[in-house]
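Remarks on the structure that follows.
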Amino acid sequence: MTRVVRERGHEPVVLARSTGVDLMAGTGLAAALEGVDAVIDVASTATSAAKPAIAFFEATTTRLLAAERERGVRHHVALSIIGVPEAPHGYYAGKARQEELVMASGGGWSLLRAAQFHEFAVQMAQRMQVGPFVVCPSMRAQPIAAAEVATVIVEIAEGAPRGLDRELAGPRIESMPDMVRRYLRAIGRGTPVLAVPLPGGFGRALRDGTILPKPGARLGTVTFEEWLVAQAQAQGTTAA
């Protein structure tokens, strides 16, 4: 994200604990936003449980919006996920609360709902290994390269507030377990991938198309296969 901001001729201000800003507590925010014209909120949390996700996004969004009002920031841009309103479960419950707060803020705001990133397959491969297997939820998505999302969201921040913008997804519908398998093969790992249907409303939403983009969404151009080939070349392996 910061690379795209610089490439487009702007100077990024990173809001992170490493730069003296704590979004949860609000410390350092007002000073960091001095002279800032637009804020792109891509803050996230590792939890997948609804209650802590709601607590995180409620705290960070509330404090960020308040600091922006204090400093006269003209444009708040938030990145959300396709399907959040229809499936407000688990992590998505936190994103739903974030969306509510942004939409009710009364200031200049834009909200972009994007599909899962191609990079999500890497996270699954790295974090979900159980014994000799990688466990992946049964899930249909229309993933997009993170770099394409970064370009779009910076373009949004440069302009006037848009409110709820068009959804953004990749060019093809994919199976997440299949994406993980293909990624593992591409980096030379033969780890078996188990597709597990998650229970409840969220599990159904992952499988039944709820998190797929709706008609009229804008689509990126980089397929998962093209992204995979680039990743394999960067790591000196061959995509299969």
Side-chain angles (χ1 to χ4, degrees), residues 1-4 14 16-18 23-24 41-53 56-57 60 79-84 87 89-95 113-151 153 168-200 202-203 205-207 211-212 220 222-240:
M1 185 73 70
T2 55
R3 177 185 60 80
V4 176
V14 179
R17 289 193 179 99
S18 60
L23 287 177
M24 283 292 289
D41 183 6
V42 291
S44 187
T45 176
T47 185
S48 59
K51 189 173 181 180
F56 173 83
F57 284 108
T60 57
L79 178 64
S80 191
I81 311 170
I82 293 172
V84 159
H89 312 289
Y91 179 82
Y92 280 33
K95 297 299 289 183
R113 293 177 183 142
Q116 286 71 24
F117 301 160
H118 293 326
E119 288 82 354
F120 191 60
V122 181
Q123 296 174 21
M124 290 285 103
Q126 293 174 343
R127 299 176 184 176
M128 301 300 289
Q129 181 143 2
V130 179
F133 304 102
V134 170
V135 179
C136 181
S138 298
M139 174 179 173
R140 294 169 65 221
Q142 196 162 327
I144 184 169
E148 290 195 283
V149 177
T151 297
I153 204 165
L168 176 64
R172 296 179 185 171
I173 296 174
E174 303 276 2
S175 159
M176 188 57 65
D178 182 58
M179 289 171 62
V180 175
R181 292 186 188 100
R182 289 153 64 190
Y183 169 72
L184 289 170
R185 286 199 301 269
I187 63 170
R189 284 177 56 190
T191 309
V193 177
L194 297 181
V196 178
L198 297 183
F202 188 56
L206 295 181
R207 298 188 298 272
I211 66 169
L212 295 178
V222 179
T223 66
F224 180 67
E225 194 63 36
E226 291 167 339
W227 177 88
L228 197 58
V229 168
Q231 295 300 303
Q233 291 173 343
Q235 297 191 36
T237 56
T238 302

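The analysis underlying the following values was restricted to heavy atoms, covering all of them including side chains, and did not include hydrogens, waters or symmetry mates.
Counting non-hydrogen atoms of other residues, nucleotides and ligands closer than 6.0 Å to CZ of Arg189 gives a total above 12.
Expressed to the nearest 0.5 Å, how far CZ of Arg185 lies from OG1 of Thr191 amounts to 12.0 Å.
Contact annotation: the side chain of Ile82 never approaches that of Leu212 to less than 4.5 Å [non-hydrogen atoms, C-beta and beyond]. In this structure the side chain of Val134 never reaches within 4.5 angstrom of the side chain of Gln126, judged on heavy atoms. The shortest side-chain heavy-atom distance between Leu198 and Pro137 falls under the 4.5 Å cut-off. Counting heavy atoms from C-beta on, the side chains of Arg181 and Pro192 never come closer than 4.5 Å.
In this structure, Asp178 contributes its side chain and Val180 its backbone to no donor-acceptor pair below 3.5 Å.
Aromatic pair Phe57/Tyr91: ring centres closer than 6.0 Å.
A search for ring pair (Phe, Tyr, Trp, His ring centres under 6.0 Å) contacts involving Phe202 returns Tyr92, not counting sequence neighbours. Residues passing the side chain to side chain donor-acceptor pair (under 3.5 Å) test with Gln123, sequence neighbours excluded: none.
Using a 4.0 Å cut-off between a side-chain N of Lys or Arg and a carboxylate O of Asp or Glu, Glu225 and Arg182 qualify as a salt bridge.
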Pairs under 3.5 angstrom only: tabulate donor-acceptor contacts from the side chains of residues 140-148 to other protein residues two or more places apart or in another chain.
| unit_1 | atom_1 | unit_2 | atom_2 | d |
| --- | --- | --- | --- | --- |
| Gln142 | NE2 | Gly170 | O | 2.8 |
| Glu148 | OE1 | Thr221 | N | 3.3 |
| Glu148 | OE1 | Val222 | N | 3.2 |
| Glu148 | OE2 | Thr221 | N | 3.0 |
| Glu148 | OE2 | Thr221 | OG1 | 3.2 |

Can you list the steps and then say if Thr47 with Phe56 is a side-chain contact (heavy atoms from CB on, under 4.5 Å)?
CA-CA 9 Å; Thr47 185; Phe56 173 83; 5.8 Å; no
